[in-house]
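Below: one structure, written as structure tokens.
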Amino acid sequence: MAQPFEPHEIGAVVREAMRRLRVPGVALGIVHREAEYVTGFGVTSVENPLPVDADTLFQIGSITKTVTGTAVLRLVEQGRLHLDAPVRTYLPHLRLADDDVAARVTLRHLLTHTGGWVGDYFDDFGDGDDALGRIVDAMAALPQLTPLGEVWAYNNAGFYLAGRVIEVATGMSYEAAVQELVLGPLGLSRSFFAPGQMMTYRFAAGHTATTDPPEIIRRWPLPRTANPVGGLAASVRDLLRYARFHLGNGRGPDGTPLLTPQTLQHMRSPQVSGECGDHWGLTWGLRNINGVRLVRHGGSTSGFMASLVLVPEHEFAIGVLTNATSGAALHADVTDWALRRYLGVSEPDPVPLAMDGAALAPYLGRYTGALSDLELRVADGHLVLHVWPKGGFPVRDAPPPPPPPPARAAFVAPERFVVLDGLMKGRRGEFLQHPDGRIAWLRSSRLHAPAGSAGATA
């Protein structure tokens, strides 16, 4: 079989990024048509080091949302769920802060992050089978920020609802249903929700990269409530099997039909406009670079950063799993390098707009969100983004992690900026306005309201 990947070449890219960003361990997987390359770098833990290999388990975080969506679409094809039926069809006692929203919200709203309520709510309701039902009940206290279906903003809490609907439709726990609908049929034998299962295999520990050397983050498991949102741990080999399914014809490894090609295409087709010109499909983020569509999702948990990017027209996928808080910068660097090297797909460098102090002034200041505040300042003639974490993840009373170093940013289009350097390089933001021209939100994945506004105190 032809092997287009040069291990020494991409290995040098990974190792340099690991050194620069203090990432102890990385698992890397690439598929391109029939060819496949999987490997590991570094160690599972700085305290009890074992070599990372292609079967080492990492938390994959919010990539799990695409697994939840895949389970939902299997149930849709079986006629047990409908994307555009009100969620109250399945959860008749659903309560949200806005009763009209509770009456009208659909699975499509949930899978496209357009529910409109505060999305960053995390809590631990124990390990019992009632955990999802209890956190769904608690969602009644989440403020409604934007009208249903009108504004995209990343919404974790919507996937509690999606997971609970799966439970009701199947009569199983969320985890058992996903095992039956997705993990088992795809042969994902190194993909687990329960820490008791993971600990019998080689697994990585998460680290903070703000110290030198990195330190282990002691809170390892996520609460059971978070499983539909981001609770899966997997090997990079399993992640590539999952990617091949989403690039394929909807059949499992043994040829069993699981989803139609039309449904797979629907999942990765634009459903709503996202931030800064991107779009979202059903659970997948979509970005076009020079006419080539990238289908992708990332994941972030306590000391783990993960990325999966599909390029369907090239039958290409790359998965990068890391065990450090700086891993997002690493997987961005490695993925960008691989897309450029193997496919000739390269996002143009941002071209900053010339904006003087008067032009920048309306955007400066602090913006507040559920898990963090953002602040834009001018320092030494440069626009600078500060991020101030608040805590609240992975449970409500979790303390805030250390803030990332401030980073230079620049406007690249009216109302849109991008971070130019540092650990947040490539992070984007845009300003959404009220009809009268006042800034309503700074949207950088989540919604952040100008400090002192009604939205900021909601």
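Hydrogens, waters and symmetry mates play no part in the numbers below; they use all other heavy atoms, side chains included.
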Ser444, Ser445, Ser62 screened by side chain to side chain donor-acceptor pair (under 3.5 Å) with Tyr154, the one that passes |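 It is Ser62, the one option of Ser444, Ser445, Ser62 that forms the side chain to side chain donor-acceptor pair (under 3.5 Å) with Tyr154.
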Let me know which of Asn156, Thr70, Thr283 forms a side chain to side chain donor-acceptor pair (under 3.5 Å) with Lys65.
->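 Answer to the side chain to side chain donor-acceptor pair (under 3.5 Å) test with Lys65 among Asn156, Thr70, Thr283: Asn156.
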Mind checking side chain to side chain contact (heavy atoms under 4.5 Å, CB included) for Glu175 and listing every partner two or more places apart, or none if nothing turns up?
->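 Per chain and number, Glu175 pairs via side chain to side chain contact (heavy atoms under 4.5 Å, CB included) with Ser173, Phe193, Arg224, Asn227.
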Heavy-atom closest contact (Trp152 atom, Val272 atom, distance) =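 Smallest interatomic distance, heavy atoms only, reads CD1-CG2, 4.0 Å.
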Lys/Arg N to Asp/Glu carboxylate O, [X] vs [Y], below 4.0 Å:
| X | Y | value |
| --- | --- | --- |
| Arg218 | Glu47 | yes |
| Asp238 | Arg190 | no |
| Lys390 | Asp120 | no |
| Glu16 | Arg19 | yes |

Audit row: Thr106, His109, side-chain hydrogen bond (donor to acceptor under 3.5 Å, both in side chains) steps and yes/no | CA-CA 5 Å; Thr106 68; His109 290 125; 3.1 Å; yes
Report yes or no: does Tyr160 contribute a side-chain atom to a donor-acceptor pair with the main-chain N or O of Tyr121 at less than 3.5 Å?
-> yes
Is the centre of the His448 ring less than 6.0 Å from the centre of the Phe431 ring?
->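 Centroid distance His448-Phe431: not below 6.0 Å, so no.
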Mind checking whether His314 and His32 have parallel, tilted or perpendicular rings, split at 30° and 60°?
-> perpendicular
Ring pair (Phe, Tyr, Trp, His ring centres under 6.0 Å) between Tyr367 and Trp388: does it pass, once the steps are laid out?
-> CA-CA 10 Å; Tyr367 299 82; Trp388 308 104; over 10 Å; no
Residues in salt bridge (charged side-chain N to carboxylate O under 4.0 Å, His left out) with Asp336, at least two apart?
-> none
Is the shortest heavy-atom distance from the side chain of Leu432 to the side chain of Thr146 under 4.5 Å?
->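 No, too far: nothing below the 4.5 Å cut-off.
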Given side chains that start at C-beta, do those of Arg80 and Thr170 come closer than 4.5 Å, heavy atoms only?
-> yes
